[in-house]
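Have a look at the structure below, then the notes.
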Amino acid sequence: MAVQSWSDILKSSKKTALIHDGKRKIHYLFTDGKEMAEEYDLKTDELIVRKWRHKSTLGVQGSWLLEVGESLAGPVASLESDMIKENSSNPVFMRKDTKTSFQWRIRNLSYPKDVFSVSLDHSERCIIIKTSNKKYYKKFNIPDLDRSQLPLDNSALSFTHANNTLIVSYKKPKEILTLEQELLKELKKLKGSADGDVDCKTQ
């Protein structure tokens, strides 16, 4: 039932489509004022970016918060970049899904695989990454499962380590796969302009 309610929220949102640079860009405006923006690869239909924007209690538009994809913030993106530079050897955490799995990549982790422990915390509904040498700790949730109020499944979680990168995968449940397939069909029906005027269409 919860999956259906999130599905209904998606269907009732006002969607705007734009085809640009080999990507299908979709902007969602929800009835509560929240916004979501997604980018899909036109060839593979894979989700590249998903980000959210909320209004504050005073109605001020907040900044975009990245849920899926890699931040493109480079040295020219911030006025403070000359003063504050992130150490390039620090671990870099990002989410990059596949068709069948939610997937997170943490770069710049040079420890061997047997140092890592990846587990689910069912009470807090999150994934926990720890190292036995206590050099790295990360706790994060799976927003897609939270939105659809689906349970966590230990057997869906796996991880691997290669090229100083830890890759954590969580197999998408069938309810999510069905929802994503139905949504993609809807998105492909939207008339997306190519860089010009955007054709708005309410589903």
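Since this is a predicted model, take the numbers as computed values, not measurements.
- Classification of E186 and K15 as a salt-bridged pair fails, no side-chain N sitting under 4.0 Å from a carboxylate O.
- When every heavy atom of L177 is checked against every heavy atom of K99, the shortest pair comes out as CD2-O, 3.5 Å.
- We find the CD-NZ distance between E39 and K23 to be 5.0 Å, quoted to the nearest 0.5 Å.
- Looking at heavy atoms from C-beta onward, D153 lies out of side-chain contact with P173 at the 4.5 angstrom threshold.
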Applying side-chain contact (heavy atoms from CB on, under 4.5 Å) to K96 and E70, what does each step give before you reach the verdict? CA-CA 8 Å; K96 187 181 188 303; E70 189 167 13; over 6 Å; no
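- D146 places a side-chain heavy atom less than 4.5 Å from the side chain of R125.
- Among D45, I48, L18, the single residue meeting the side chain to side chain contact (heavy atoms under 4.5 Å, CB included) criterion with R24 is D45.
- The environment of K135 atom NZ is sparse: at most 12 non-hydrogen atoms of other residues, nucleotides or ligands sit within 6.0 angstrom.
- Looking at K139 and D121, no side-chain N of the basic residue comes within less than 4.0 Å of a carboxylate O on the acidic one, giving no salt bridge.
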Stepwise side-chain contact (heavy atoms from CB on, under 4.5 Å) check, K138 with I106: CA-CA 10 Å; K138 182 80 176 176; I106 306 98; 5.8 Å; no
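- Counting heavy atoms from C-beta on, the side chains of I128 and V118 never come closer than 4.5 Å.
- Here the straight-line distance linking atom NE2 of H54 with atom OG of S63 works out to 11.0 Å at 0.5 Å rounding.
- Counting all heavy atoms, side chain and backbone alike, A17 lies closest to L190 at CB-CB, 3.9 Å.
- Smallest separation of non-hydrogen atoms from T98 and K172: O-NZ, 2.9 Å.
- Taking the side chain as every heavy atom from C-beta outward, E67 and M36 never approach each other to under 4.5 Å.
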Between N163 and T165, is the side chain to side chain donor-acceptor pair (under 3.5 Å) condition met? List the steps. CA-CA 5 Å; N163 302 318; T165 300; over 6 Å; no
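- The shortest non-hydrogen separation linking N90 to N108 is O-ND2, 2.7 Å.
- With contacts defined as side-chain heavy-atom distances shorter than 4.5 Å, the pair P91/L166 does not qualify.
- Residues Y28 and K34 fail the side-chain proximity criterion, which asks for heavy atoms closer than 4.5 Å.
- Atom NZ of K185 sits about 8.5 Å away from atom NZ of K189, to the nearest 0.5 Å.
- From Y137, atom OH reaches atom OG1 of T131 across 11.0 Å, with rounding to the nearest 0.5 Å.
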Apply the test side-chain contact (heavy atoms from CB on, under 4.5 Å) to residues R95 and R50: give CA-CA distance (whole Å), side-chain angles for both, the deciding distance (0.1 Å), then the verdict. CA-CA 10 Å; R95 176 174 157 187; R50 178 187 293 138; 3.9 Å; yes
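- Linking ILVMFWY residues whenever their side-chain heavy atoms come closer than 4.5 Å, directly or via other members, places L47 and L183 in the same cluster.
- Around NZ of K55, the count of heavy atoms belonging to other residues, nucleotides or ligands within 6.0 Å does not exceed 12.
- Linking ILVMFWY side-chain heavy atoms closer than 4.5 Å, directly or via other members, places V68 and F30 in a single hydrophobic cluster.
- Not one N or O on the side chain of S148 forms a donor-acceptor pair closer than 3.5 Å with the backbone of L145.
- Cluster membership check: L10 shares its hydrophobic cluster with L184, using side-chain heavy-atom separations under 4.5 Å among Ile, Leu, Val, Met, Phe, Trp and Tyr.
- The two residues W6 and L179 come nearest to each other via the heavy atoms CD1-CD2, 3.5 Å.
- No chain of hydrophobic side-chain contacts below 4.5 Å, direct or via other Ile, Leu, Val, Met, Phe, Trp or Tyr residues, connects L120 to I167.
- Note: F102 and W104 have tilted aromatic rings, judged against thresholds of 30 and 60 degrees for the angle between ring planes.
- Side-chain rings of Y136 and Y111 stay apart, their centers remaining 6.0 Å or farther from each other.
- Side-chain atoms of I176 and E180, non-hydrogen and from C-beta on, do get closer than 4.5 Å to each other.
- Proximity of V49 to L66: side-chain heavy atoms (C-beta onward) are separated by under 4.5 Å at one or more points.
- Ring pair F159/F116 is perpendicular by interplanar angle, where above 60° counts as perpendicular and below 30° as parallel.
- F140 is connected to L152 through a chain of hydrophobic side-chain contacts under 4.5 Å among Ile, Leu, Val, Met, Phe, Trp and Tyr, so both are in one cluster.
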